[in-house]
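Please read the structure below before turning to the comments.
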Amino acid sequence: MPDTLIPGFEAADAAGEDGVAIRVATGGDGPPVLLLHGHPQTHATWREVAPVLAERHTVVAADLRGYGDSGKPGGGPGHARYAKREMARDQVRVMRELGHERFAVVGHDRGGRVAHRMALDHPGAVDRLAVLDIAPTSAMYDRTDRAFATRYFWWFFLIQPAPLPEAMIAGATEPYLRAHLRGQSRTEGVPREDLVQEYLRCYRDPATVHAVCEDYRAAAGIDLEHDRADTAAGRLLERPLLALWGALGTVGMLYDVPATWREVANGPVEGEALPCGHLLQEERPAEVADRLGAFLAG
């Protein structure tokens with residue numbers, strides 16, 4: 001049986017779209033909730049939050065395609081195999097395979113972007129939505145300024161044509177990843193070294209780094225096309241949405257987070273800042289679990 005760092009959970013592989021294997025860790029009992037990580041994390045980022053939620057919920061923590069121990073297909077024309085639409089389809093299919101036709105979804109960073117697309121494309125499957133430390137992708141690109149480009153330089157580095165960013169990261173994988181993680185956290189000792197080692201294990205695989213780049217290339221291309229089509233059609237989020245963000249992080253400093261989500265939502269939106277950086281679930285796990293528990297209880 002595959003390993004997971006989440007205490008009390010069991011890991012397995014499930015089938016996503018096009019035969020892509022998706023690594024999941026499951027635990028608990030009750031109404032289902034799907035947890036989706038960001039970059040450069042894996043499902044292990046939920047190690048302290050998932051067991052708390054599992055006291056009242058069936059919790060599924062998944063690795064996104066291209067990340068962790070999930071499959072890493074080629075990006076295909078236009079990087080379409082890493083469109084958030086495809087990554088969302090993976091997770092909806094996996095949840096159905098696990099017997100969950102309708103569920104809540106919580107996404108941090110890249111996982112939040114997948115969750116956003118999932119709630120738009122699969123409103124019958126998504127009961128409610130929580131996003132951690134993001135504003136909508138189109139808003140962040142459309143409002144890019146020097147401050148954002150400086151703080152989130154990898155949004156513009158990773159989208160450069162292959163194999164340039166892949167080769168540069170391969171030449172300094174550990175220094176690059178450690179610097180990236182240090183920049184995300186505003187809490188001493190976070191991420192913990194054992195989690196850093198887990199993220200490094202995955203990031204040392206060149207297929208992971210290429211998939212990460214394809215994820216960001218898709219975000220700067222086909223994902224924006226999908227977002228613009230939604231805007232033109234007047235498609236909005238209809239499910240209850242909770243936005244949490246780090247008061248000391250880039251998103252919290254540069255955006256009115258609840259306001260940006262209300263621009264794309266027709267349902268109720270609530271939001272709260274926590275005293276940390278980007279890695280809420282690792283920097284403030286107890287507070288995150290508390291806020292999510294109350295939101296998931298409806």
Side-chain angles (χ1 to χ4, degrees), residues 16-17 22 24 31-39 43 46 53 57-65 82-98 100-141 215 218-219 222-245 251 255 257-272 280-281 288 291-298:
E17 287 291 299
I22 300 297
V24 297
V33 56
L34 172 65
L35 305 180
L36 299 176
H37 64 87
H39 168 257
H43 78 267
W46 302 106
L53 296 180
H57 295 270
T58 298
V59 178
V60 180
D63 287 343
L64 298 169
R65 70 162 56 190
Y82 286 89
K84 303 309 155 292
R85 174 160 287 161
E86 290 303 305
M87 297 171 87
R89 284 174 177 159
D90 282 337
Q91 303 300 331
V92 171
R93 178 168 180 164
V94 165
M95 290 299 279
R96 286 174 178 161
E97 181 179 329
L98 295 174
H100 309 305
E101 293 289 335
R102 188 172 175 83
F103 51 90
V105 58
V106 178
H108 172 249
D109 188 77
R110 312 309 292 176
R113 304 189 190 286
V114 175
H116 179 194
R117 175 49 55 190
M118 188 186 304
L120 286 168
D121 288 358
H122 306 275
V126 175
D127 178 62
R128 53 187 51 228
L129 166 68
V131 291
L132 274 59
D133 211 61
I134 65 167
T137 304
S138 58
M140 293 180 76
Y141 269 121
D215 170 15
I222 191 170
D223 289 345
L224 292 179
E225 294 174 13
H226 293 158
D227 289 343
R228 289 171 185 141
D230 290 334
T231 299
R235 294 181 71 205
L236 298 171
L237 292 167
E238 301 288 346
R239 298 292 176 257
L241 184 146
L242 170 67
L244 299 175
W245 65 95
V251 170
Y255 303 97
V257 180
T260 64
W261 283 106
R262 291 188 180 106
E263 292 172 7
V264 298
N266 193 40
V269 175
E270 56 185 286
E272 182 180 350
L280 282 75
Q281 67 279 7
V288 168
R291 303 311 189 274
L292 289 178
F295 176 69
L296 294 172

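Computation of the quantities below employed the complete heavy-atom set of this structure, encompassing side-chain atoms and omitting hydrogens, waters and symmetry-equivalent molecules. Nothing fancy with the numbering, it's 1 onward along the sequence.
Side-chain contact between H43 and V24 is absent, with no heavy-atom pair separated by less than 4.5 Å. Side-chain contact between V106 and W46 is present, with heavy atoms from C-beta onward closer than 4.5 Å. Taking the side chain as every heavy atom from C-beta outward, M118 and M95 never approach each other to under 4.5 Å. Put simply, the side chain of I134 reaches to within 4.5 Å of the side chain of W261, judged on heavy atoms. Taking 4.5 Å as the limit, every side-chain heavy atom of L242 sits out of range of all side-chain heavy atoms of E272. A heavy-atom distance below 4.5 Å is found between the side chains of R65 and E17. Residues R239 and P123 form a side-chain contact, since some pair of their non-hydrogen atoms from C-beta on lies under 4.5 Å apart.
Closest of all the heavy-atom pairs between P136 and H116 is CB-CE1, 4.3 Å. Among all heavy-atom pairs drawn from L237 and A119, the shortest one is CD2-CB, 3.6 Å. Heavy-atom minimum distance, A62 versus L36: CB-CD2, 4.2 Å. Pairing each heavy atom of H226 with each of A83, the nearest pair is CE1-CB, 4.3 Å. Closest non-hydrogen pair, P258 versus V269, comes out as O-CG1, 4.2 Å.
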*Can you check side-chain contact (heavy atoms from CB on, under 4.5 Å) on V251 and M140, steps first, answer last?*
CA-CA 9 Å; V251 170; M140 293 180 76; 4.1 Å; yes
_Is there a side-chain contact (heavy atoms from CB on, under 4.5 Å) between V60 and F103? Walk through the geometry before answering._
CA-CA 10 Å; V60 180; F103 51 90; over 6 Å; no
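Contacts classified as salt bridge (charged side-chain N to carboxylate O under 4.0 Å, His left out) and involving residues 123-138 (residues at least two apart or in different chains) are given here: R102-D127.
Shown here are the salt bridge (Lys or Arg N to Asp or Glu O under 4.0 Å) partners of D227, two or more places apart in sequence or in another chain: R117.
With respect to the salt-bridge test (charged N to carboxylate O, under 4.0 angstrom), the residues R89 and E86 qualify. Ion pairing of R110 with D215 is present here, as a side-chain N (NZ or NE/NH1/NH2) and a carboxylate O approach within less than 4.0 Å.
Partner V105 forms a side-chain contact (heavy atoms from CB on, under 4.5 Å) with one of V33, L129, L35, V92 and no other, that one being L129.
From L120, atom CG reaches atom CG of L236 across 8.0 Å, with rounding to the nearest 0.5 Å.
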